[in-house]
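Below: one structure, written as structure tokens.
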Amino acid sequence: MPLQTQESRDVIDFLHRKLGNNWHIGTPLGIGKPNPLVNSIYKHVVQKPDIQMSLFTALSLEVPKGKSLLEQRFLTAFTARHFKDYPELSYIEDMKNNRVPGHIHLQEFYFQSGQFLGRASAQQNYISCNYTHVARDMVNQGINSIIQMIAVDRRGENTRYSLSCNPDLTLDVIRIAEDKNKPRPLVIAMVNEDLPFLEGDAVVDEDFFDVIVDNPSNYFEPYAPPARPISAIDHSIGLHVSPLIQDKGTLQIGIGSLADAVVYSSILRQNQQQAYREALDALNINQRYGDLIAGQGGTEPFEDGLFAASEMFVEGFMHLFKAGIIKRKVYEDAEIQRLLNEGRINEQVSALTLTTLVDQGIIHQQITARDVQRLQKVGLFKSDLSFSENNLYDAEGTKLGYDLNKPKHLKRIAAQALNQQLEKGAVLHAAFFLGSKRFYQFLRELSDAERQLFLMTPVSQINQLYRSEAIDRAQRINARFINTCMKVDLTGAAISDTLENHQVVSGVGGQYNFVAMAHALRHSRSILMLRSTHGTGKKRESNIVWQYPECTIPRHLRDVVVTEYGIADLRGQNDETCIQLLICIADSDFQEDLRTTAVKNGKLKASWSIPTDYQSNTPQAIGQALKPLQNKGLFEAFPFGQDFTEQEQQMIKALTWLKQQQSGLGSKIKLIASAAFVRANQDMQPLLEIMQFQHTRGFKEKLMRKLFIKALKQTA
């Protein structure tokens with residue numbers, strides 16, 4: 001039985017007793033970190049230079065602070081309301097300021113996007129590896145303890161525990177340590193009643209843990225990133241992706257506004273067919289890509305629905321579930337799943353189901369104990385049946401028979417042993433979750449039956465095929481693995497995590513795994529979404545480039561790339577064709593440079609010219625095409641709700657405008673001059689108070705106040 005305690009001090013004493021002065025700690029990525037406990041341990045070790053501690057983790061979530069004075073003032077007010085008493089990880093500031101003590105080694109394999117750019121300590125200790133290799137690397141580095149936040153269910157006779165948001169690595173670390181005959185790492189858990197309880201492999205017995213810390217003072221709302229607006233550019237990308245998703249298929253998406261745009265257009269496809277077709281026509285999507293869509297996806301509603309197989313369970317899946325799109329159930333039996341896929345059986349079971357299973361050689365004509373267990377596993381047989389002395393018995397002990405070739409036995413078994421339908425299906429498998437407060441509330445309010453539809457698994461199960469390949473192949477049919485990237489070179493190699501100077505923006509995570517899986521699974525595709533440009537004014541650059549020194553996805557795994565201007569189906573194409581397709585979906589400001597560079601380097605015929613249909617690839621064209629639909633209330637910035645008040649929205653709009661006006665020194669001078677004599681209106685006073693501008697000190701504050709007022713007037 002684990003040590004039960006309310007005190008972090010007891011955990012520290014336990015680590016001293018068990019590990020001496022060598023603490024090699026793993027803690028989950030994202031929201032699975034028990035922040036109060038991690039902070040207590042970190043602060044203790046900071047003062048104990050005789051302890052050698054390494055901390056292996058990823059995605060250390062940070063409350064946004066802002067860079068400029070205006071951003072800091074706005075975010076101070078917003079985060080105080082939105083994040084409330086969220087306990088920040090104390091080691092983040094030390095990493096950002098390069099003041100981590102020498103006896104503490106902090107290593108991450110995935111950063112919150114852009115969090116540690118230019119931060120030497122974090123950049124030097126970044127570990128680049130596929131998500132599926134992290135557990136292996138943790139074991140190889142000598143991890144001797146895991147510290148994790150867990151959920152609790154106290155409703156029944158016995159308390160139940162769940163790894164909840166993060167079964168991703170913990171289960172794999174323990175399995176790999178056992179496989180390598182290494183000591184099992186200590187598992188120390190901190191209960192948080194605010195963490196949603198999820199099912200699947202995440203549910204573990206109490207004796208799985210060595211220590212359980214359960215103190216109400218440690219409970220806190222999990223980190224909930226605020227929703228980001230979906231721009232017209234993002235909506236265009238999502239709209240182009242949506243008809244590539246095949247009904248009766250499998251879906252993986254990530255987090256962020258591009259993924260939200262895919263979700264939005266997919267729901268439009270499902271529930272507003274006329275509007276959806278108008279949107280496709282507005283961007284000439286059917287006209288340009290009709291053959292590709294007919295072969296790889298569709299524009300009709302999702303009649304059979306989709307199954308979600310995604311490393312991250314994000315809010316988008318909640319919306320797709322509510323819209324009736326995520327509804328295709330899968331079962332933990334490869335042969336039965338295959339029959340479901342082929343339509344030879346369905347989820348409504350009967351005597352015919354049994355005879356089909358016999359005919360297919362899946363169960364015996366004369367039922368065996370193993371057959372009974374197999375059919376109970378997928379919920380075809382009732383769970384209270386028993387099998388002994390070569391006979392099947394119901395819960396009351398009535399003999400039902402055993403020979404499905406005998407009409408009397410078959411009739412009794414069909415009437416008394418079968419459930420009305422298969423009962424052990426799931427609509428989603430995922431390794432971790434992260435999302436908004438709305439999403440966490442949805443998870444908490446799931447009924448017991450609904451909760452069984454969303455199963456959490458180790459990352460080795462979801463991000464590759466090698467633990468149960470036959471089942472995975474049967475479940476993950478017609479898969480669309482949809483991810484984002486930062487840049488794509490003209491031969492189809494994608495850059496998703498690192499800048500050209502090796503500064504890491506985020507990490508590889510599971511992207512490579514899903515791209516490779518798309519090539520390994522029949523009728524499956526990898527779709528990489530890419531905004532065609534970044535920056536503004538003179539700093540505006542193309543994200544489709546001739547070459548780049550970094551690479552996340554090599555060109556030999558190139559597949560589908562989508563920008564706001566179109567779709568490039570690169571799979572199986574030669575280099576010249578890939579270059580042509582990618583130039584066609586690049587921004588027109590950069591197309592000719594890309595073309596001439598490719599010609600100069602002998603990868604493109606000089607006679608090739610950009611097709612007329614793709615010579616007007618501009619943000620203005622996208623905006624004009626979507627404007628009539630936006631006037632009808634479609635393609636809004638926050639279609640799924642937002643986390644900002646009306647006042648905060650006004651301020652964001654003003655601050656965004658202000659940032660866009662400062663692309664160079666000349667524009668900054670012009671902006672300052674134009675703001676010199678502005679005066680605040682009476683209705684601006686509440687906003688000025690939020691920004692602490694009711695009284696200003698010094699030239700800088702006075703200038704910032706003037707600029708803020710100017711921006712409010714421009715965006716009113």
Side-chain angles (χ1 to χ4, degrees), residues 19 22-30 32-33 38 52-60 105-111 122 124-148 163 165-189 200-202 204 208-210 252 309-312 429-432 456-469 471-472 476 481 483 496-498 504 506-520 551-554 557:
L19 304 179
N22 290 293
W23 299 7
H24 302 293
I25 299 171
T27 192
L29 63 80
K33 296 177 180 62
V38 171
Q52 293 295 313
M53 185 181 89
S54 61
L55 184 70
F56 198 123
T57 188
L59 202 57
S60 294
H105 196 202
L106 302 179
Q107 303 177 94
E108 297 218 10
F109 69 88
Y110 198 98
F111 296 149
Q124 290 163 15
N125 288 294
Y126 167 76
I127 297 175
S128 183
C129 56
N130 287 333
Y131 199 178
T132 49
H133 296 158
V134 172
R136 175 204 66 191
D137 294 345
M138 291 173 74
V139 172
N140 288 342
Q141 290 203 20
I143 289 293
N144 55 25
S145 56
I146 298 169
I147 300 175
Q148 176 151 6
L163 301 177
C165 54
N166 283 93
D168 53 334
L169 296 175
T170 300
L171 299 172
D172 281 337
V173 166
I174 291 171
R175 174 182 58 81
I176 292 170
E178 291 174 350
D179 289 346
K180 290 177 173 285
N181 294 317
K182 293 192 174 185
R184 182 184 192 271
L186 303 173
V187 183
I188 299 168
D201 295 327
V204 292
F208 178 81
F209 306 105
D210 295 282
Q252 178 257 327
S310 183
E311 68 179 21
M312 187 174 4
H429 291 163
F432 76 101
M456 304 299 291
T457 78
V459 73
S460 60
Q461 172 65 29
I462 196 67
N463 281 34
Q464 57 189 9
L465 302 172
Y466 307 135
R467 288 192 69 196
S468 52
E469 184 167 351
I471 293 176
D472 290 340
R476 300 175 193 178
F481 300 120
N483 292 285
S496 306
D497 64 310
T498 304
V504 180
S506 52
V508 178
Q511 185 174 112
Y512 179 90
N513 297 124
F514 284 106
V515 172
M517 204 176 346
H519 287 271
C551 174
T552 311
I553 305 300
L557 290 179

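As a basis for the values below, the full set of heavy atoms in this structure was taken, side chains included, without hydrogen atoms, waters or symmetry mates.
Of the residues listed (Thr132, Val173, Asn463, Leu29), the one engaging Asp168 in a side chain to side chain contact (heavy atoms under 4.5 Å, CB included) is Leu29, and it is the only one. Of the listed residues (Leu106, Thr27, Val134), just one forms a side chain to side chain contact (heavy atoms under 4.5 Å, CB included) with Thr57, and that residue is Thr27.
The line from CG of Leu169 to CZ of Arg136 is 12.5 Å long, rounded to the nearest 0.5 Å. In this structure, the separation between CD1 on Ile127 and CZ on Phe56 is 4.0 Å, given to the nearest 0.5 Å. Atom CD1 of Ile176 is separated from atom CD1 of Ile143 by 12.0 Å, given to the nearest 0.5 angstrom. Distance check: Thr170 OG1 to Ile147 CD1 gives 11.0 Å after rounding to the nearest 0.5 Å. Going from atom OG1 of Thr552 over to atom CD of Gln511 covers 6.0 Å, rounded to the nearest 0.5 Å. Atom-to-atom distance recorded for Cys165:SG and Lys33:NZ is 9.5 Å, nearest 0.5 angstrom.
The shortest non-hydrogen separation linking Phe514 to Ala309 is CE2-O, 3.9 Å. The two residues Gly507 and Tyr110 come nearest to each other via the heavy atoms O-CE1, 3.2 Å. The two residues Pro183 and Ala177 make their nearest non-hydrogen contact at O-CB, 4.0 Å.
Aromatic ring pairs are classed by plane angle as parallel below 30°, tilted from 30° to 60° and perpendicular above 60°; the pair Phe432 and Tyr131 is perpendicular.
His429 places no side-chain N or O within donor-acceptor distance of the main-chain N or O of Ile462, the cut-off being under 3.5 Å. Without hydrogens or angle criteria, Gln148 side chain to Asn166 main chain gives a donor-acceptor distance under 3.5 Å. Using modelled atom types, no side-chain atom of Thr457 and backbone atom of Asp201 make a donor-acceptor pair closer than 3.5 Å. Ser145 places no side-chain N or O within 3.5 Å of a backbone atom of Leu186 that could act as its donor or acceptor partner. Listed for the Asp210 side chain is no donor-acceptor partner under 3.5 Å among the backbone atoms of Ile188.
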Hey, mind stepping through Met53 and Ile25 against side chain to side chain contact (heavy atoms under 4.5 Å, CB included) and telling me if it holds?
-> CA-CA 7 Å; Met53 185 181 89; Ile25 299 171; 3.9 Å; yes

Take Tyr512 and Leu557 through the test side chain to side chain contact (heavy atoms under 4.5 Å, CB included) and record every step on the way to the result.
-> CA-CA 9 Å; Tyr512 179 90; Leu557 290 179; 3.6 Å; yes

Tell me, with the steps shown, if Tyr126 and Thr498 meet side chain to side chain contact (heavy atoms under 4.5 Å, CB included).
-> CA-CA 11 Å; Tyr126 167 76; Thr498 304; 5.6 Å; no

Please test Gln252 against Asn483 for side chain to side chain contact (heavy atoms under 4.5 Å, CB included), starting from the C-alpha separation and ending with a verdict.
-> CA-CA 8 Å; Gln252 178 257 327; Asn483 292 285; 3.0 Å; yes

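The side-chain hydrogen bond (donor to acceptor under 3.5 Å, both in side chains) test applied to Gln141 returns Gln107, not counting sequence neighbours. Residues forming a salt bridge (charged side-chain N to carboxylate O under 4.0 Å, His left out) with Asp472 (at least two apart in sequence, or on another chain): Arg476.
Two residues are said to be in side-chain contact when any heavy atoms from C-beta on lie closer than 4.5 Å; Asn140 and Lys182 meet this criterion. Looking only at side-chain heavy atoms (C-beta outward), Met138 and Pro185 stay at 4.5 Å or farther from each other. For the pair Asp137 and Phe109, the minimum side-chain heavy-atom distance is 4.5 Å or more. Counting heavy atoms from C-beta outward, Leu163 and Met456 have side chains that stay 4.5 Å or more apart.
Defined by atom type and a distance below 3.5 Å, a donor-acceptor pair is missing between the side-chain atoms of Gln461 and Asp172.
Other residues, nucleotides and ligands place more than 12 heavy atoms under 6.0 Å from the CZ atom of Phe111.
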